[in-house]
Every structure is written in structure tokens, then in C-alpha cells.
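Below, all heavy atoms of this structure are taken into account, side chains as well, without hydrogens, waters or symmetry copies. Each ligand, and each atom within it, is numbered from 1 in the order the structure gives. Note that the structure is predicted; figures quoted are calculated from it, not measured.
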Amino acid sequence: MKFNTKTIHGGQKHEEATGAVMPPVFFTSTYAQSSPGEHKGYEYSRGANPTRTALENSFAAIEGGSHGFAFSSGLSAIDCVLRLLNPGDEIIAGDDLYGGTYRMFTRLFKKYGLEFSFVDMNSVDNVTAKITEKTKLVWLETPTNPLMKIADIKAITNAVKEHNSDILVAVDNTFATPYLQQPLSLGADIVMHSATKYLGGHSDLVMGALMVNDEKLAEELHFIQFAAGAVAGPMDSFLALRGVKTLHIRMQRHCENGRAVAQFLQNHPKVGEVYYPGLENHPNHTIAKKQMKDFGGMVSFRLKDESKEAAFKFLENTHVFTLAESLGGVESLVNHPTTMTHASIPEPERLKIGITDSLIRLSVGIEDEEDLLADLDQALNL
Ligand SMILES: *Cc1c(COP(=O)(O)O)cnc(C)c1O
């Protein structure tokens, strides 16, 4: 089955009792047993719920995995992966991570004895230089947030596995989605998503996903999901499944509009640097072209006027772009990383990686291109 067909049919079957084409929302916590231990595969909804199962099968299918898991948020999916590790284990991660991931690593898990090194994933050597006998996990995100840096998933995975094939490689695939790149097929062990973003696609839920292609790893993750309990509920599972069915056509338009917005900004006199992997002058354009089918809907840029006032004036005056956190929904959003999504990163760290007051991040939606460009133009020219 090819990708577009998989988003609609992957892992799905019609409901048995009625033939319902979409799975019912199974609002139930528990399931009748005919005799102690005799049941139809469902005992208690923390372990499994049929609506969630339908979604988890879809998640597995779209990333080319054997198993998928749905969590109550993207962060609880990451939390599940880290619980595979033991005190003393070392993790190598990108230095430009989603703010909440960085916060979880440094403020929740460090105190349990996990050791983190943050490296620029631009170079494979930066990663391999940090590998020790205690390294158990490499965590990478590509494209990164908000500077749209690209890591070469295949090159990093190959180099890490050459050192020690037991080191797990996990990829946060939230920005790219499986429409653009499928890390399991590039050698990664675990794919993670904030399904809150493109997979759900309509800004109407908070959810996380993990996908793997290994029976033993799936068993371990399922145990943690069940034992820690941060599962996705049935209503959210239904909405996310509905969202996934249009992932491919939404992404196609996100990419078209993203490219148009990036080109427009690049030629605008009020705009400085533009960060979009589809632009030929993007430092990682070659890897992006090799690794991704297209370049997505996330675009960051700097205003030439570097003052906070200029940024705020722009942010307060867009009308089609809504000023809000999050990304990946059908509607266009604009965000100020310094004060919003990346406020939890200490200022010296933030400045070091280039998240300054003049930086603006756009999640380009699937509206008409003309309206999007006109909105940006009027807010830039105020
Ligand atoms: C939003 C996001 C997360 C966290 O997911 P939640 O659903 O908000 O918990 C993790 N990684 C990336 C890249 C994100 O954009």
C-alpha cells in the first residue's frame, strides 16, 4: 500500500458488529468477562481501548512500523521513551530541541541520574564524539524548532549503530510528518510525534505518538505506557484518526504555501534571514532534498529591525495568521519563540543558538496563498 492510501486505510478494518466504516468512540473504562480472565482482548482501557487501537494501528502504518502507541501528549510519549533507561545511562540530543523536550530532559530526568549532552547535529562527528560505553539513546529532531536545522538521519543512525548497535536512535518527526520523511526506513528505532500538530492537524487535541518496528521494543514501550498510564482517550483518538486520513493532502498544501511564504519573505525589504529548508541558500538544503519529499509548512525569519518593539508590532497586526503557540493545524499561526514557545530555555542558551527578539516563527496553514502573503505584507509594512 502506498502512503496516501495508508493514511486512510492503514491498519483499519470496519467495525464488526455493525460494519461502521469509522470506529465508534468506545467510551468505556472496562469490558465484560465471561469467566475470570476470559475476554475479547480488552480488559481495562488504560491497557487498550478499541478506538485507541484503531488509531495506534494507523500510526504504525503511516510510519512503516509494526506497532504504534498513542499518549495523552507529545511530552508523555517522550517520557515513555526515557523510562526505558536506567540511572547512569547517557543520552546524546540535539542542541536545538523543542523547548518542552529540553525542559523534561534537564529538569525532570537529570535528577534520576540520566546524563545528557546536547550537540549540534549538523555534523555526524559531533554525535559520535560524545558516545561512551554508557550511551543508550540518541535523540534527534529534524527539522528543528524554530531554526529549521536539518540532521542527516541516515548518516547519524549509521554512525551510531557502527559504534554500538544497541544504542537506540529516536527521531521526533513532528515537523516533517511521515509524508515528508520516514525515520524507521532510514534506520531509526523509534519515531515520536506530537500528534497535537500535523497528525491531528486541526488544533483540536493534545496527543503524542510512538512508532517502532521491533517486537521487543514494542513490548517494553507498551508495558511502560500501561504502567505509567499516560494514554490517549477515546474521543481524542477518534479525532486524531480522522485527522490522519487527510494528512497527505493537508501536507501537500502546507508545503506549497510554506514555499510561497518563504520566497515572499526572502524578497521582502523588511525581512532579514529566512529559515526554510526548501530555500537553496539554506545551509542544509542538500540533505533536506535528499531526505525529505518536500519541505513542509514551518518557516522562521528575522525582521531587519532587531528591536522587540518591531517584532511585537508585527505579531499584534496579522489577521489571517493568529498569534498563538503550537503549529501544524489547518489555520496559519504566528509565534514569538523568545516570549512564547521557547521562554523556558535560559536566556544565555537561547541567545547562543540564535533565538533572539527579532525571530518569528510561522506555521503556514492551508488557506489561499494570496491571503497569506497579503496578510504578511500589510503587517510588515505598518
Ligand atoms: C509540540 C511539540 C512537542 C510536545 O508535544 P505536546 O503534544 O505539546 O506534549 C514535542 N516536539 C515537538 C517538535 C513539538 O512541536
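Atom 2 (C) of ligand 1 has as its closest protein heavy atom Lys197 NZ, 2.6 Å. Counting protein heavy atoms only, atom 12 (C) of ligand 1 is closest to Asp172 OD2, 3.4 Å. Atom 6 (P) of ligand 1 has its closest protein heavy atom at Gly74 N, 3.3 Å. The closest protein non-hydrogen atom to atom 4 (C) of ligand 1 is Tyr98 CE2, 3.4 Å.
Note: an N/O pair closer than 3.5 Å links Thr196 and ligand 1 by distance alone. Between Val206 and ligand 1, no pair of N/O atoms sits closer than 3.5 Å. On a distance-only criterion, Ile78 and ligand 1 share no N/O pair closer than 3.5 Å. Between Ser194 and ligand 1, an N or O atom pair is found at a separation short of 3.5 Å.
Remark: the backbone N or O of Gly10 is paired with a side-chain donor or acceptor of Gln12 at under 3.5 angstrom. Listed for the Asn257 side chain is a donor-acceptor partner under 3.5 Å among the backbone atoms of Gly365.
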Please lay out, stage by stage, how Glu331 and Thr322 fare under the test side chain to side chain donor-acceptor pair (under 3.5 Å). CA-CA 8 Å; Glu331 64 289 299; Thr322 301; over 6 Å; no

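Counting the atoms of ligand 1 from 1 in the order shown, those under 4.0 Å from a heavy atom of Met207 are 7 (O).
Heavy-atom distances between His193 and ligand 1 stay at or above 4.0 Å for every pair.
With a 4.0 Å heavy-atom cut-off, ligand 1 is reached by the side chain of Thr174 but not by its N, CA, C or O.
Between Lys216 and Glu220, at least one side-chain N (NZ, or NE/NH1/NH2) sits under 4.0 Å from a carboxylate O, which counts as a salt bridge.
Under the 4.5 Å side-chain criterion, counting only non-hydrogen atoms from C-beta, Leu210 is in contact with Val81. At least one side-chain heavy atom of Leu303 sits less than 4.5 Å from a side-chain heavy atom of Leu380. Between Met148 and His282 there is a side-chain heavy-atom pair separated by less than 4.5 Å.
When hydrophobic clusters are built by joining Ile, Leu, Val, Met, Phe, Trp and Tyr residues whose side-chain heavy atoms come closer than 4.5 Å, directly or via intermediates, Met298 is not grouped with Leu315.
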